[in-house]
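Just so it is clear, the values below take in all heavy atoms, side chains as well, and ignore hydrogens, waters and symmetry mates. In what follows, chains are A, B, ... by sequence order, proteins preceding strands, each numbered from 1.
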Amino acid sequence: MFALVDCNNFYASCERVFNPALNGKPVVVLSNNDGCVIARSNEAKALGIPMGAPSFEYEILFVKYKVNVFSSNYALYGDMSTRVMNILSTYSPDIEIYSIDEAFLKLEGFEQHYNLEVYSKEIIQNVTRSTGIPISIGIAPTKSLAKVANKIAKKFSLRTGGTYVIDSEDKIKKGLLWTKIGDVWGIGRQHEKRLQKIKVHNAWEFTQLPNQWVQKEMSIVGLRLKRDLSGERILDLEDAAIKKNIAVTRSFEKMYSSFEDIRERVATYAGKAAEKLRRQNSCCSMIYVFLHTNGFREDLPQYRANIAVHIPNPTNSSIELIKAAITGLEKIFKKGFQYKKAGIMVMNLTPASQRQLSLFTAENPKHQTLMKTIDRLNIRENQKVKFAGQDLDRTWKMKQEKLSKRYTSCLNEVIIINCSDSFGDRTF
DNA sequence: TCTGGGGTCCTAGGACCC
DNA sequence: TCTGGGGTCCTAGGACCC
């Protein structure tokens with residue numbers, strides 16, 4: 001059996017942990033630059049605020065219904081996620097951390113020794129008590145069915161207590177009939193449309209389609225999904241510890257048109273990507289650069305471009321990557337446009353230990369030590385060391401007007417409790 | 001005025017090889 | 001006019017996920 005554990009409204013729940021006055025009230029969390037709604041509490045969902053809603057369009061509604069609005073605080077969410085995952089990993093030797101707020105647990109053979117419903121209730125209790133984050137658990141014979149079970153657990157939480165087990169043919173069929181085709185894990189907008197057209201409206205009807213049709217229209221991925229949903233164990237846990245691509249992309253807080261401004265941004269993104277590479281001990285041999293204008297401003301001339309720059313010797317040196325990224329940018333940058341977004345992606349990653357030593361190595365061997373030193377300094381001194389391509393004076397500031405504190409990862413921002421007792425006033 | 005960011009996998013088609 | 005058969009590798013693009 002597989003369990004899918006999912007944190008309910010994760011970012012919104014993180015904000016509540018350190019601010020319990022928010023319980024029972026609508027809470028939303030915004031994306032970078034305070035652009036879109038990316039998390040909503042149940043109360044906010046009930047107000048009809050959709051996922052991805054541009055925040056400026058909902059400002060009036062926020063005020064009217066006293067919605068508590070937060071900028072995203074990834075330092076907090078990342079740390080809370082680690083805490084939750086650490087607890088979950090004590091409940092099974094096999095865990096796949098699927099995203100910041102979801103994990104699959106393999107419970108192979110557990111059903112012979114435990115009542116799985118009781119077991120999952122215990123997990124829920126422990127996570128809630130230890131972190132304050134509410135979770136839902138779905139258990140089933142396959143991963144995609146565990147997803148279905150999880151949805152049922154969450155939808156009927158009053159009745160299920162946050163957990164639901166699919167453990168019979170009958171329950172599989174009931175669950176699949178209940179699941180709308182567009183809500184199936186792995187069925188997105190395009191497939192949904194195509195399936196609706198041939199009168200497939202729920203997951204059960206999908207599992208009744210001929211394999212041939214599914215493979216032809218939805219490739220091998222769709223066929224695997226169909227079989228997994230039917231109860232055949234096709235999808236297994238995956239370990240995704242080492243990333244295959246790393247991206248750093250940002251929208252600007254306003255539009256920029258000068259090459260120097262964009263170059264500074266791109267250099268910073270490339271430097272960030274290099275740091276991430278070094279953190280997972282990888283090198284890359286390709287960097288992809290893109291930039292584009294504001295697609296929402298149909299009144300302005302539009303331009304978008306991208307380029308892949310090959311790097312002869314795999315590297316994770318910030319200096320080399322910044323150089324390569326700027327080479328690419330010079331080729332695609334065009335004057336006369338107002339740019340709103342740029343980004344880079346490093347690809348073709350290889351383990352740093354397997355680095356090819358070439359006769360004509362382009363990279364200065366001293367970079368290795370230099371980068372290590374910079375990384376150490378930046379951890380200690382809060383990102384003070386920069387590269388010449390980055391403007392030292394400019395303070396690029398993301399719009400983050402409603403940021404909560406880094407309660408769990410910054411000593412200056414932990415919660416302070418003042419109280420007095422017979423020994424006098426004390427602060428904790 | 002204001003509209004996010006970061007990933008994965010698969011397929012078709014072209015370039016190239018013998 | 002007529003022009004084989006079988007591979008591999010790479011890339012762009014499309015689909016999906018959170």
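Annotation: the span from A:Ser136 atom OG to A:Asn150 atom CG amounts to 5.5 Å, rounded to 0.5 Å. Atom-to-atom distance recorded for A:Ser13:OG and A:Leu22:CG is 10.5 Å, nearest 0.5 angstrom. Atom OG1 of A:Thr163 is separated from atom CD1 of A:Ile124 by 5.0 Å, given to the nearest 0.5 angstrom. Remark: A:Thr128 OG1 to A:Ile123 CD1 distance equals 11.0 Å, nearest 0.5 Å.
Taking only side-chain nitrogens and oxygens, A:Lys272 never comes nearer than 4.0 Å to OP1 or OP2 of B:dG6. Remark: A:Arg297 is in phosphate contact with B:dC2, judged by side-chain N or O atoms under 4.0 Å from OP1 or OP2. Phosphate contact (OP1/OP2 of B:dC2, side-chain N/O of A:Lys254, threshold under 4.0 Å): absent.
Of the candidate nucleotides C:dA15, B:dT3, B:dG7, B:dG7 has the atom nearest to the side chain of A:Lys243. In this structure, the nucleotide among B:dT3, C:dA15, C:dC17 sitting nearest to the side chain of A:Arg194 is C:dA15. In this structure, the nucleotide among B:dG7, C:dC18, B:dG4 sitting nearest to the side chain of A:Ile246 is B:dG7. Distances were taken from every side-chain heavy atom of A:Lys341 (C-beta onward) to each of B:dC2, B:dC10, B:dG5; the shortest belongs to B:dG5. With C:dC16, B:dG5, B:dC2 as the choices, the nucleotide that has an atom nearest any side-chain atom of A:Ser251 turns out to be B:dG5. Checking B:dG7, C:dA15, B:dG5 against the side-chain heavy atoms of A:Thr249 singles out B:dG5 as nearest. Distance from the side chain of A:Ser31 is smallest to B:dG4 among B:dG4, B:dC10, B:dT3. Minimum atom distance to the side chain of A:Lys276 is reached by B:dG6, of the listed B:dG6, B:dG5, C:dT11. The side chain of A:Asn245 has B:dT8 as its nearest neighbour among B:dG4, B:dT8, B:dG7. Of the listed nucleotides (B:dT3, C:dC18, B:dC10), B:dC10 has the atom at the smallest distance from the side chain of A:Arg224.
Across all strands shown, A:Lys216 has no heavy atoms under 4.0 Å from either base or sugar-phosphate atoms. Residue contacts for A:Val37: at a heavy-atom cut-off of 4.0 Å it reaches no nucleic acid atom on any strand shown. Across all strands shown, A:Asn33 has no heavy atoms under 4.0 Å from either base or sugar-phosphate atoms. Within the nucleic acid shown, A:Lys399 has no heavy atom closer than 4.0 Å to any nucleic acid atom. Residue contacts for A:Ile187: at a heavy-atom cut-off of 4.0 Å it reaches the sugar-phosphate backbone alone, with no base atom in range. Contacts of A:Glu102 with the nucleic acid, taken as non-hydrogen atoms under 4.0 Å apart, involve only primed sugar atoms and P, OP1 or OP2.
Here, C:dC18 and B:dT3 have their P atoms 25 Å apart, quoted to the whole Å.
Atom CZ in A:Arg189 sits roughly 11 Å away from atom P in C:dC17 (whole-Å rounding). In this structure, A:Leu235 atom CG and C:dC17 atom P are separated by 13 Å, rounded to whole Å. Between A:Met51 atom CE and C:dC18 atom P there is a gap of 10 Å when expressed in whole angstrom units. Distance, A:Glu238 CD to C:dC18 P: 14 Å, rounded to whole Å. Look at OH on A:Tyr269: it is 12 Å from C1' on B:dG4, rounded to the nearest Å. Across the protein-nucleic acid pair, A:Leu4 atom CG and C:dC18 atom C1' stand 12 Å apart, rounded to whole Å. A:Leu223 places its CG atom 16 Å from the C1' atom of C:dA15, with the value rounded to the nearest Å. For the pair A:Ile38 CD1 and B:dT3 P, the interatomic distance rounds to 15 Å; values are reported in whole Å.
Under a 4.0 Å N-O distance rule, the pair A:Lys402/A:Asp34 does not qualify as a salt bridge. Ion pair A:Arg194/A:Glu217 flagged as a salt bridge, since at least one NZ, NE, NH1 or NH2 atom sits closer than 4.0 Å to an Asp/Glu carboxylate oxygen.
Closest-nucleotide positions on DNA chain B for A:Ser219 and A:Asn294 were compared, and the one nearer the 5' end corresponds to A:Asn294. Both A:Tyr11 and A:Ile220 lie close to DNA chain B; mapped to their nearest nucleotides by heavy-atom distance, the more 5′-ward contact belongs to A:Tyr11.
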Exercise for the section: Just do the side-chain contact (heavy atoms from CB on, under 4.5 Å) check on A:Trp178 and A:Lys151 with the steps written out, would you? Expected result: CA-CA 10 Å; A:Trp178 177 80; A:Lys151 234 173 209 155; 4.2 Å; yes
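Using the Watson-Crick or G-U wobble rule with both distances under 3.5 Å, C:dC9 pairs with B:dG14.
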